[in-house]
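Remarks on the structure that follows.
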Amino acid sequence: MSTVLAPKIGENKLEEMLSLDTPIETKGWAARWYAEMLVELFLSEDAKLRVSNFEDLSLGDKIKEISSDTSKEVLDALYTIENIGNQATHFKLDRELNDSEVQVAVEKAISLFDLILIDLFKDGGLAKTPNTAKLLSTLLPSIRVNVLQALVNLKSIETEYEAGVFHKYLLALVKNGQREKARRLLKKLKKSNVLNAYQYDWWEDSVNTIYRDLDNLPIAKNIEDCKRNFNNVLSSMSEGDKEENHKFIKIVSTMLDKVDASEMGDLVGDKILLV
């Protein structure tokens, strides 16, 4: 299972980037536009307090202005997209874009939202409150896999936090249609003595249990399902918990703005808690 979340205002550009019929120059330009949109929506809050005309800056200057508040991974992706997007936008007689270059820009543009979340949760941020991980569980399994893959420590699973992230990563893999990858990982970690026999059996059972219950879980398949799940978890949170998670809530709320939530139907909403 895999798809891409895009803000409503960016859906057309996402379609242009992913369509086989879109010329490569248009794809490169669309990736640049999409990246600039994400900068404006998710990365510019502090910079706009310093720079009154931030929206009027070039993408390159915007990237410079957010550099002190943004991870190297996000900045590197933005600079790559800007460079390829500029080549796609501006004519130069002896320069010709190729499909592989543009595909790099497209892939990096699509991965930006995941990188923004990784930046938010690094250094133990996923354990800010018990509801932080529950909020992450409302998003697409593919996003959760990408985020948790960057956070999980596969060399040591000793602390409560390390075990918690590892557990969420395994379950995200299963919900993303990657159960066998989760099982192969468990076998590899047991063989390398990262997991003992008891830990291996416990997580193998967890993987199989969640796999058997997949049809009853409110796993998001599209952005409307994400809105449904997000609203469900948000409605159960206290005002204090919402304040603790305000940055993450603002990011997700912005992504889901103007999206109509799907219906829960016969799915069990509380099972979102099985993150």
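Owing to the predicted nature of the structure, the values given are computational and were not obtained by experimental measurement.
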**Report entry** side chain to side chain donor-acceptor pair (under 3.5 Å) pairs, two or more places apart, involving residues 27-39
**Finding:**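 Matches after skipping sequence neighbours: Arg32-Glu36, Arg32-Asn86, Glu36-Lys62.
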
Requested in this report: Check the pair Ile251 / Phe113 against side chain to side chain contact (heavy atoms under 4.5 Å, CB included), numbers first and verdict last.
Outcome: CA-CA 9 Å; Ile251 287 173; Phe113 184 69; 3.6 Å; yes

Euclidean distance, [Y] [atom2] relative to [X] [atom1], rounded to 0.5 Å:
{"X": "Arg179", "Y": "Leu214", "atom1": "CZ", "atom2": "CG", "value": "9.0 Å"}
{"X": "Glu40", "Y": "Thr254", "atom1": "CD", "atom2": "OG1", "value": "12.5 Å"}
{"X": "Asp241", "Y": "Asn131", "atom1": "CG", "atom2": "CG", "value": "4.5 Å"}
{"X": "Glu82", "Y": "Ile63", "atom1": "CD", "atom2": "CD1", "value": "4.5 Å"}
{"X": "Glu160", "Y": "Ile157", "atom1": "CD", "atom2": "CD1", "value": "14.0 Å"}

Any side-chain heavy atom of [X] sitting closer than 4.5 Å to one from [Y]?
{"X": "Val259", "Y": "Glu224", "answer": "yes"}
{"X": "Val174", "Y": "Leu170", "answer": "no"}
{"X": "Phe230", "Y": "Met255", "answer": "no"}
{"X": "Glu25", "Y": "Gln87", "answer": "no"}
{"X": "Pro7", "Y": "Leu41", "answer": "yes"}
{"X": "Leu115", "Y": "Ser71", "answer": "no"}
{"X": "His167", "Y": "Trp202", "answer": "yes"}
{"X": "Ile110", "Y": "Leu14", "answer": "yes"}

Provide the closest heavy-atom pair for [X] versus [Y] in the form atom of the first, atom of the second, distance.
{"X": "Ala31", "Y": "Ala109", "result": "O-CB, 4.0 Å"}
{"X": "His246", "Y": "Glu243", "result": "ND1-O, 2.8 Å"}
{"X": "Val102", "Y": "Gly28", "result": "CG1-N, 3.7 Å"}
{"X": "Ala220", "Y": "Pro141", "result": "O-CD, 3.3 Å"}
{"X": "Gly124", "Y": "Tyr161", "result": "CA-OH, 3.4 Å"}
{"X": "Ala30", "Y": "Met17", "result": "CB-CG, 3.8 Å"}

Report task. State plainly whether one hydrophobic cluster holds both Leu185 and Tyr198, where clusters connect Ile, Leu, Val, Met, Phe, Trp and Tyr through side-chain heavy atoms under 4.5 angstrom apart. Result -> yes

Is there a donor-acceptor contact under 3.5 Å from the side chain of [X] to the main chain of [Y]?
{"X": "Asn53", "Y": "Asp56", "answer": "no"}
{"X": "Glu162", "Y": "Thr159", "answer": "yes"}
{"X": "Thr138", "Y": "Leu135", "answer": "yes"}
{"X": "Asn146", "Y": "Ser142", "answer": "yes"}
{"X": "Thr209", "Y": "Asp205", "answer": "yes"}

Report task. Check the pair Lys72 / Asp76 against salt bridge (Lys or Arg N to Asp or Glu O under 4.0 Å), numbers first and verdict last. Result -> CA-CA 6 Å; Lys72 181 180 183 299; Asp76 287 348; 2.6 Å; yes

Report task. Give the intermediate values and the outcome of side chain to side chain contact (heavy atoms under 4.5 Å, CB included) for residues Ile249 and Met237. Result -> CA-CA 11 Å; Ile249 289 172; Met237 293 172 60; 4.1 Å; yes

Requested in this report: Using ring pair (Phe, Tyr, Trp, His ring centres under 6.0 Å) as the criterion, list what pairs up with Phe166, not counting sequence neighbours.
Outcome: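 Phe166 satisfies ring pair (Phe, Tyr, Trp, His ring centres under 6.0 Å) with Trp203 once adjacent residues are dropped.
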
Query raised in the report: How would you list, by chain and number, every residue that makes a ring pair (Phe, Tyr, Trp, His ring centres under 6.0 Å) with Phe248, sequence neighbours excluded?
Result: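 Listed in chain order: Phe121.
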
Heavy-atom count around [X] [atom1] within 6.0 Å, excluding the residue itself: above 12?
{"X": "Tyr211", "atom1": "OH", "value": "no"}
{"X": "Lys48", "atom1": "NZ", "value": "yes"}
{"X": "Asn98", "atom1": "CG", "value": "yes"}
{"X": "Glu11", "atom1": "CD", "value": "yes"}

Query raised in the report: For Leu117, which of Leu112, Val147, Leu126 qualifies under side chain to side chain contact (heavy atoms under 4.5 Å, CB included)?
Result: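 Testing Leu117 for a side chain to side chain contact (heavy atoms under 4.5 Å, CB included) against Leu112, Val147, Leu126 leaves exactly one candidate, Val147.
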
Report task. Evaluate the criterion side chain to side chain contact (heavy atoms under 4.5 Å, CB included) for residue pair Val145 and Lys175; output intermediate values, then yes/no. Result -> CA-CA 9 Å; Val145 166; Lys175 294 176 182 181; over 6 Å; no

Residues in side chain to side chain contact (heavy atoms under 4.5 Å, CB included) with [X], at least two apart?
{"X": "Ala47", "answer": "Arg50, Phe54, Glu65, Ile66"}
{"X": "Lys181", "answer": "Gln149, Tyr169, Leu173, Gln178, Arg184"}
{"X": "Asp123", "answer": "none"}
{"X": "Ala261", "answer": "Lys227, Arg228, Asn231"}

Under a 3.5 Å threshold, yes or no: a donor from one side chain and an acceptor from the other, between [X] and [Y]?
{"X": "Asn229", "Y": "Ser137", "value": "no"}
{"X": "Thr129", "Y": "Thr132", "value": "yes"}
{"X": "Asn176", "Y": "Arg144", "value": "no"}

Query raised in the report: Are Val252 and Leu139 close enough, and set up right, to give a side chain to side chain contact (heavy atoms under 4.5 Å, CB included), and what steps lead you there?
Result: CA-CA 9 Å; Val252 179; Leu139 301 178; 4.1 Å; yes

Query raised in the report: Tell me the ring-ring contact (aromatic ring centres under 6.0 Å, His included) pairs involving residues 5-28, sequence neighbours left out?
Result: none

I'd like to check the salt bridge (charged side-chain N to carboxylate O under 4.0 Å, His left out) partners of [X]; sequence neighbours left out, ordered by chain and number.
{"X": "Lys242", "value": "Glu239"}
{"X": "Glu180", "value": "Arg183"}
{"X": "Asp119", "value": "Lys122"}

Query - Lys/Arg N to Asp/Glu carboxylate O, Lys187 vs Glu204, below 4.0 Å - result: no

Query - Listed partners of Ser235 passing side chain to side chain donor-acceptor pair (under 3.5 Å), at least two apart - result: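 If we apply the side chain to side chain donor-acceptor pair (under 3.5 Å) test to Ser235, skipping adjacent residues, there are no hits.
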
